[in-house]
Amino acid sequence: MDIFADAEQPGQSITTAVPVPPPTTTVHADINPTLNDNWDDPEGYYNLRIGEVLYERYQTLSHLGKGVFSSVVKAKDLTTGDEVAIKMIRNNETMYKAGQKELALLRKLMDADPDNKKHVIRLLRHFEHRNHLCLVFESLSMNLRDVLKKYGKDVGISIKAVRVYAQQLFLSLSLLKRCSLLHADIKPDNILVTESKNVLKLCDLGSASDASDNEITPYLVSRFYRAPEIILGLPYDYALDVWSAGCTLYELFTGKILFPGRSNNQMLKYMMEVKGRFSNKMLRKSQFSNQHFDDTYTFMSVEQDKLSGKTVVKKLPLVKPSKDIKSRIMSAGSVSNGLTEEENRLLLAFVDFLEKCLVLTPDRRMTAKEALVHPFITGKI
Ligand SMILES: Nc1ncnc2c1ncn2[C@@H]1O[C@H](COP(=O)(O)OP(=O)(O)OP(=O)(O)O)[C@@H](O)[C@H]1O
């Protein structure tokens, strides 16, 4: 099915500069940093010249993106003629180690899915270039943040498209679980789609870890997609990715961020407005609950006073949810344009699906396996 059949195709800009072969050096930056200064910018990103050939095989075509860990370039594989995306890890010890970990986790995922059916980005190989670990991936088109900007600004994309994406995303989560891995950074930016937009792949395993390495820290996962167990300081597992996936799918359909909190405290407030109170039992077990709740488990909302601009703490005995998922979904931009009966049924199934992804208590949240047989995904509605 081509869910974006009548949509405009994104233009491609490929820069074709004349390749300038740099002299080779194998001196490691840690031994004499001045010798290879020119290859990197002050922050350790590789100063790439477009057209340059890496590993005697990949002719670089254009810059694709820059993240905290790496810069990503599009290149042509001179052996096969295919386009690839090369993630060049920043030249510093911490990033290099993080890159090696990402490489090991990606290998585990590739081995567990030899037929490429589980919607995780394919790692083709890796090499080193001037002290930068380089990971070579299949080339994809855009991430879901850009898809939303381009095709669904403020209104989101169709429920049918969301359903296709949901199934593929949960297939990737089922593979991660089979490999005992947590992704820990699921959000529209880390999900890439093919040129036709019909197929998505989960990417950026840079924050991923083995499920047994779950050190409690309140800042894991990008804030808007961060599950309550992370913020409250509870042990966490696969359910944290299901929460982020729920937030991501809501955003795809509505074009709006579900919980756009400016802090962890505000995130909790927004979550309770949608899902109601946390149970006392959950708060009792949480390491950081005393930062957000008083002794009687009343929420302490950290707010800015509108007049003075000063930070004030307001006690909010929030009990009843006031902005439930159903009313938010039903008032989304694309719904007000009218729906067919089939779309309406699919939408109600989507509401139920999201409610189950966003259960506050992690061990009661839907698992990836359960998600894949939910009526929203199977279509048996
Ligand atoms: N295989 C690919 N095909 C096309 N574009 C890609 C590919 N891999 C990455 N990109 C682009 O590069 C961006 C950064 O990639 P990635 O998130 O893996 O790097 P990162 O350094 O870990 O970033 P961050 O710090 O944001 O987590 C992506 O959002 C995407 O736009």
Side-chain angles (χ1 to χ4, degrees), residues 101-102 104-123 137-138 140 143-145 147 161-194 198-214 220-222 224-230 235-253 258 349-350 352-379:
K101 182 176 174 193
E102 183 171 355
L105 300 185
L106 280 160
R107 281 225 184 100
K108 192 172 181 186
L109 289 165
M110 299 301 97
D111 290 349
D113 178 28
D115 300 330
N116 190 14
K117 286 189 173 152
K118 301 292 181 183
H119 298 275
V120 172
I121 186 89
R122 297 310 282 183
L123 174 79
F137 293 98
E138 64 178 320
L140 289 168
N143 66 45
L144 283 181
R145 170 92 47 223
V147 169
V162 174
R163 180 183 154 197
V164 171
Y165 286 159
Q167 180 180 32
Q168 298 181 2
L169 182 57
F170 276 95
L171 278 171
S172 75
L173 290 189
S174 69
L175 176 67
L176 261 84
K177 180 157 188 196
R178 182 141 60 81
C179 294
S180 347
L181 298 182
L182 310 178
H183 184 281
D185 202 16
I186 292 190
K187 56 180 177 177
D189 318 62
N190 285 338
I191 300 167
L192 297 172
V193 293
T194 53
N198 288 345
V199 177
L200 70 70
K201 297 280 182 102
L202 182 61
C203 79
D204 194 0
L205 275 286
S207 305
S209 65
D210 196 274
S212 57
D213 284 348
N214 53 4
L220 190 70
V221 186
S222 302
F224 302 156
Y225 308 90
R226 190 176 288 154
E229 59 269 28
I230 304 296
Y236 55 88
D237 69 358
Y238 308 100
L240 106 162
D241 285 332
V242 173
W243 178 277
S244 311
C247 297
T248 299
L249 295 172
Y250 174 92
E251 194 171 328
L252 291 184
F253 182 66
L258 177 57
F350 181 48
D352 186 69
F353 187 84
L354 285 183
E355 290 284 8
K356 291 179 170 148
C357 291
L358 298 169
V359 170
L360 294 177
T361 319
D363 48 14
R364 296 214 197 115
R365 208 170 290 149
M366 184 162 65
T367 63
K369 201 171 160 194
E370 287 162 356
L372 290 169
V373 294
H374 186 280
F376 175 59
I377 300 294
T378 60

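Just so it is clear, the structure is predicted and the values come from calculations on it, not from any experiment.
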Engineer: Got a salt bridge between E138 and K201, using NZ or NE/NH1/NH2 to carboxylate O under 4.0 Å?
Structural biologist: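 Yes, charged N to carboxylate O under 4.0 Å.
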
Engineer: For the residue pair S209 / N214, report whether a side-chain donor-acceptor contact shorter than 3.5 Å exists.
Structural biologist: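 Judged by distance alone, the side chains do not pair up.
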
Engineer: Hey, does L258 have a side-chain heavy atom less than 4.5 Å from the side chain of Y225?
Structural biologist: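 SC-SC contact between Y225 and L258 ruled out.
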
Engineer: Roughly how far, to the nearest 0.5 Å, is CG of L252 from SG of C247?
Structural biologist: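 The CG atom of L252 is 11.5 Å from SG of C247, to the nearest 0.5 Å.
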
Engineer: Could you tell me if the side chain of L144 sits less than 4.5 Å from the side chain of L192, heavy atoms only?
Structural biologist: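 Counting from C-beta outward, L192 and L144 never come under 4.5 Å.
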
Engineer: How about S207 and H183: do any of their side-chain heavy atoms sit closer than 4.5 Å?
Structural biologist: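 Not touching, per the 4.5 Å side-chain cut-off.
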
Engineer: Using distance only, find each side-chain donor-acceptor pair of residues 366-375 under 3.5 Å and give its atom names and separation, not counting sequence neighbours.
Structural biologist:
unit_1: T367; atom_1: OG1; unit_2: E370; atom_2: N; d: 3.1
unit_1: E370; atom_1: OE1; unit_2: T367; atom_2: N; d: 3.0
unit_1: H374; atom_1: ND1; unit_2: F376; atom_2: N; d: 2.9
unit_1: H374; atom_1: NE2; unit_2: D352; atom_2: OD2; d: 2.8

Engineer: Quick one, D210 with K108, criterion salt bridge (Lys or Arg N to Asp or Glu O under 4.0 Å). Give me CA distance, side-chain angles, the key distance, then yes/no.
Structural biologist: CA-CA 11 Å; D210 196 274; K108 192 172 181 186; 3.8 Å; yes

Engineer: Apply side-chain contact (heavy atoms from CB on, under 4.5 Å) to the pair L173 and I186, showing each step before the final yes or no.
Structural biologist: CA-CA 10 Å; L173 290 189; I186 292 190; 3.4 Å; yes

Engineer: Measure the spacing between CD1 of I121 and CG of N116 and express it to the nearest 0.5 Å.
Structural biologist: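 Answer rounded to 0.5 Å: 9.5 Å.
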
Engineer: Hey, which of W243, Y236, Y238 is the one that makes side-chain contact (heavy atoms from CB on, under 4.5 Å) with L240?
Structural biologist: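 Exactly one pass, corresponding to Y236.
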
Engineer: Are F170 and F353, when compared by the centres of their aromatic rings, separated by less than 6.0 Å?
Structural biologist: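 Yes, they do, as the ring centres are separated by less than 6.0 Å.
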
Engineer: Taking the side chain as everything from C-beta on, heavy atoms only, tell me whether L200 gets closer than 4.5 Å to V164.
Structural biologist: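 Contact flag for L200/V164 side chains = no.
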
Engineer: Regarding S222 and K187, is there a side-chain donor-to-acceptor distance under 3.5 Å anywhere?
Structural biologist: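 Yes, because at least one side-chain N or O of S222 sits under 3.5 Å from a partner of the opposite role on K187.
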
Engineer: Could you check if a side-chain atom of L202 sits within less than 4.5 angstrom of a side-chain atom of H119, using non-hydrogen atoms only?
Structural biologist: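 No, side chains not in contact.
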
Engineer: Could you check N190, L249, V221 and say which one makes a side-chain contact (heavy atoms from CB on, under 4.5 Å) with S244?
Structural biologist: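 With S244 as partner, N190, L249, V221 yield a single side-chain contact (heavy atoms from CB on, under 4.5 Å), made by V221.
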
Engineer: Would you mind reporting whether K356 and R364 have side-chain heavy atoms less than 4.5 Å apart?
Structural biologist: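 SC-SC contact between R364 and K356 ruled out.
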
Engineer: Quick one: closest heavy-atom pair of L182 and A211, and the distance?
Structural biologist: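 Closest pair (atom of L182, atom of A211, distance): CG-CA, 3.9 Å.
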
Engineer: Got a second to check how far L123's CG is from C203's SG, nearest 0.5 Å?
Structural biologist: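 One finds 12.5 Å between CG of L123 and SG of C203.
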
Engineer: Would you call K177-D237 a salt bridge at under 4.0 Å N-O?
Structural biologist: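 The answer is no: the pair does not qualify as a salt bridge.
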
Engineer: Report yes if the side chains of V199 and Q168 come closer than 4.5 Å at any heavy-atom pair, otherwise no.
Structural biologist: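 Counting from C-beta outward, V199 and Q168 do come under 4.5 Å.
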
Engineer: Distance only, no hydrogens: is a donor on one side chain within 3.5 Å (strictly under) of an acceptor on the other, for N143 and D189?
Structural biologist: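 D189 and N143 do not have a side-chain donor-acceptor pair below 3.5 Å.
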
Engineer: Do R365 and E229 meet the salt-bridge criterion of a basic N to acidic O distance under 4.0 Å?
Structural biologist: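 Salt bridge flag = yes for R365 with E229.
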
Engineer: Got a second to check how far L169's CG is from Q167's CD, nearest 0.5 Å?
Structural biologist: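 Spacing of CG (L169) from CD (Q167) equals 11.0 Å.
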
Engineer: Do the side chains of C179 and L176 get nearer than 4.5 Å, heavy atoms only?
Structural biologist: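 SC-SC contact between L176 and C179 ruled out.
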
Engineer: With a 4.0 Å cut-off on N to O distance, would you call R122 and D113 a salt bridge?
Structural biologist: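 Result for this pair is yes, salt bridge flagged.
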
